[in-house]
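Small disclaimer: the values here were computed from a predicted structure and weren't measured. Letters go in sequence order (proteins before strands), and every chain restarts at 1.
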Protein chains: 2
Amino acid sequence: MASAQNTRERLLDAAEGLFFQEGIAVTGVDRVAEAAGVAIVTLYKHFGSKDNLLREVLARRLAAWTRHWDAALAAATTPGGRLLSVFDAIESFRAAAGATQWCCFLATASERAVPDAGAGDPVFALIRQDTRLVAGRLGDLAREALCADPDGVAASILLLYNGVLSSLLRGEPADPVAHARAVARSVIDASPREPASGA
Amino acid sequence: MASAQNTRERLLDAAEGLFFQEGIAVTGVDRVAEAAGVAIVTLYKHFGSKDNLLREVLARRLAAWTRHWDAALAAATTPGGRLLSVFDAIESFRAAAGATQWCCFLATASERAVPDAGAGDPVFALIRQDTRLVAGRLGDLAREALCADPDGVAASILLLYNGVLSSLLRGEPADPVAHARAVARSVIDASPREPASGA
DNA sequence: GTTATGGTATAACGGTCGTTATGCAAAGTA
DNA sequence: TACTTTGCATAACGACCGTTATACCATAAC
């Protein structure tokens, strides 16, 4: 009845929910399989190992997050609005994904011992990829907006972005996205602009 | 040779280092005892259980963090400086404590399944206590500084505080404390003040 | 010299973990 | 009909987990 694709996604859904609501190490593969309504053997047929399952969950999240941000980016019109689109993306992502606890990449990073010089570990590679995506895009958007100090503006917004995520974990302040967007807007407005020098 | 007090603190030191650098669930009690240079039996003589050990580590961290903030608070002179003292406290705490990965309370919250309505669990009680400390103090300081919207200012600074902590975990932006302090200062400066109406 | 204290080593317990092997049942496809 | 795919149930493995029991060894105080 259930196609292979369907089973895969149900396993990924179950793992995503359990890993980031109860903790990765604490969640056994048996509970993931049970929540997905499949046998443990099927889980291993599909993913080979728990670590591999985690990797695919993170990869899927990264792809979904990128899509949401792309959409929010496309909806923004002004350069300042494009810089603020990260926060719109957080809201739309959380609304669509059912608001899993907080940031799955930071949660994973917090739970796993950082490997020697970050070598090898493909899970940590995904975490770094997420960081590069956010930091890189914010820098590009700040340059797009002709900020005189694009790296400084990008760093401030990345700080606020991280603040929103961990505030969701802490539960306070309530509605961190709205606060972050307001502070970010004032940071952008206060930032001096480069004269748009023609090439 | 080693006094009981000494052994206790060595165990707490070892647990603090391992729990928050490698993860709580992943770190076995044997590794904690080994790192402290004591026998596993001694660990259980002192703390009774792993969960109790974690609880005492968190309590000690909360007390140390409060002391650092108190000191930074005493060193500040202006109302605005008192609001910004959280960030000084982060720096002095990390300089003194050897910069354990990031915030031990958020790390614990991330790794443990949130209990039903937060009932009972003494570990989560400590996490909530930390949140209340920071949020409450920031609100008081904002009122002290006669901000017209003290709760809004406190929320923004708490957001930046959370941002600093998770930025330390992510590793980017580098030097988040300096960025947070700068943004917080502009938030405070831009915030309208209440006329100091006499009682 | 006895007693209390703080610590050790060894070993075991029940449990859970990630993982794999074996064998069987259904369903689609040719 | 025959074959491949996809999934199931059962069981077991080796390892590690948190925890406890038992017995022994120092030191120092009374």
Side-chain angles (χ1 to χ4, degrees), chain A residues 1-58 107-108 110-113 115 120-124, chain B residues 1-58 107-108 110-113 115 120-124:
Chain A
M1 192 199 307
S3 71
Q5 189 63 19
N6 202 320
T7 305
R8 260 187 81 90
E9 291 200 1
R10 252 181 314 136
L11 277 167
L12 289 172
D13 288 341
E16 184 173 338
L18 286 172
F19 282 168
F20 304 123
Q21 264 166 13
E22 316 224 334
I24 303 170
V26 190
T27 304
V29 287
D30 53 342
R31 299 197 35 218
V32 175
E34 187 193 355
V38 306
I40 301 183
V41 189
T42 306
L43 187 155
Y44 276 91
K45 279 254 167 65
H46 274 280
F47 298 100
S49 73
K50 183 185 184 181
D51 221 65
N52 219 316
L53 173 60
L54 171 63
R55 202 187 319 173
E56 298 221 20
V57 169
L58 291 178
T108 307
S110 176
E111 203 168 332
R112 291 169 76 95
D121 191 335
V123 168
F124 258 89
Chain B
M1 192 199 306
S3 74
Q5 189 64 18
N6 202 319
T7 306
R8 262 188 80 90
E9 291 200 2
R10 251 182 314 137
L11 277 166
L12 289 172
D13 288 341
E16 184 173 339
L18 287 172
F19 283 169
F20 304 122
Q21 265 165 12
E22 317 224 334
I24 302 169
V26 189
T27 304
V29 287
D30 53 342
R31 298 196 35 217
V32 174
E34 186 193 355
V38 305
I40 300 182
V41 189
T42 305
L43 188 155
Y44 276 90
K45 280 252 167 67
H46 275 278
F47 297 100
S49 73
K50 184 185 183 181
D51 221 64
N52 219 316
L53 172 62
L54 171 63
R55 201 186 319 172
E56 299 222 20
V57 169
L58 291 178
T108 306
S110 176
E111 202 167 332
R112 291 169 75 95
D121 192 334
V123 168
F124 257 89

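- Residue A/Thr7 places at least one side-chain N or O under 4.0 Å from the OP1 or OP2 atom of D/dG7.
- Note on A/Thr42: a side-chain N or O is less than 4.0 Å away from OP1 or OP2 of D/dC8.
- At the heavy-atom level, A/Val38 lies under 4.0 Å from the strands shown only through sugar-phosphate atoms.
- One can place CG of A/Asp30 at 9 Å from P of C/dT16, the figure rounded to the nearest angstrom.
- Put simply, CG on B/Leu43 is 16 Å from P on C/dG6, counting in whole angstrom units.
- At C/dG7, one or more side-chain N or O atoms of B/His46 fall inside 4.0 Å of OP1 or OP2 (strictly under the cut-off).
- In this structure, the nucleotide among C/dT19, C/dT8, D/dT19 sitting nearest to the side chain of B/Ser49 is D/dT19.
- If you take CD1 of A/Ile40 and P of D/dC8, they are 11 Å apart, rounded to a whole angstrom.
- Along DNA chain D, the nucleotide nearest B/Lys45 and the nucleotide nearest B/Gly48 are compared for position; the residue whose nucleotide lies closer to the 5' end is B/Gly48.
- Spacing between atom CG of A/Leu11 and atom C1' of C/dG18 amounts to 15 Å, rounded to whole angstrom units.
- Counting to the nearest Å, the P atom of C/dA21 and the OH atom of A/Tyr44 are 12 Å from each other.
- With rounding to the nearest 0.5 Å, the separation of CZ in B/Arg8 from CG in B/Leu43 is 10.5 Å.
- When rounded to the nearest whole Å, the span between CG of B/Leu53 and P of D/dG18 equals 11 Å.
- Atom P of nucleotide D/dG18 and atom CZ of B/Phe47 are separated by 15 Å, given to the nearest angstrom.
- To the nearest angstrom, C1' of C/dT16 lies 16 Å from CD of A/Glu22.
- Nearest nucleotide to the side chain of A/Val41, out of D/dA21, C/dT19, C/dA21: C/dA21.
- Between A/Thr108 and A/Phe19, every side-chain heavy-atom pair lies at or beyond the 4.5 Å cut-off.
- Contact check for A/His46 versus A/Glu56: no side-chain heavy atoms found under the 4.5 Å cut-off.
- Contact check for A/Leu54 versus A/Arg112: side-chain heavy atoms found under the 4.5 Å cut-off.
- In this structure a side-chain-to-backbone donor-acceptor pair under 3.5 Å is present from A/Glu111 to A/Ala25.
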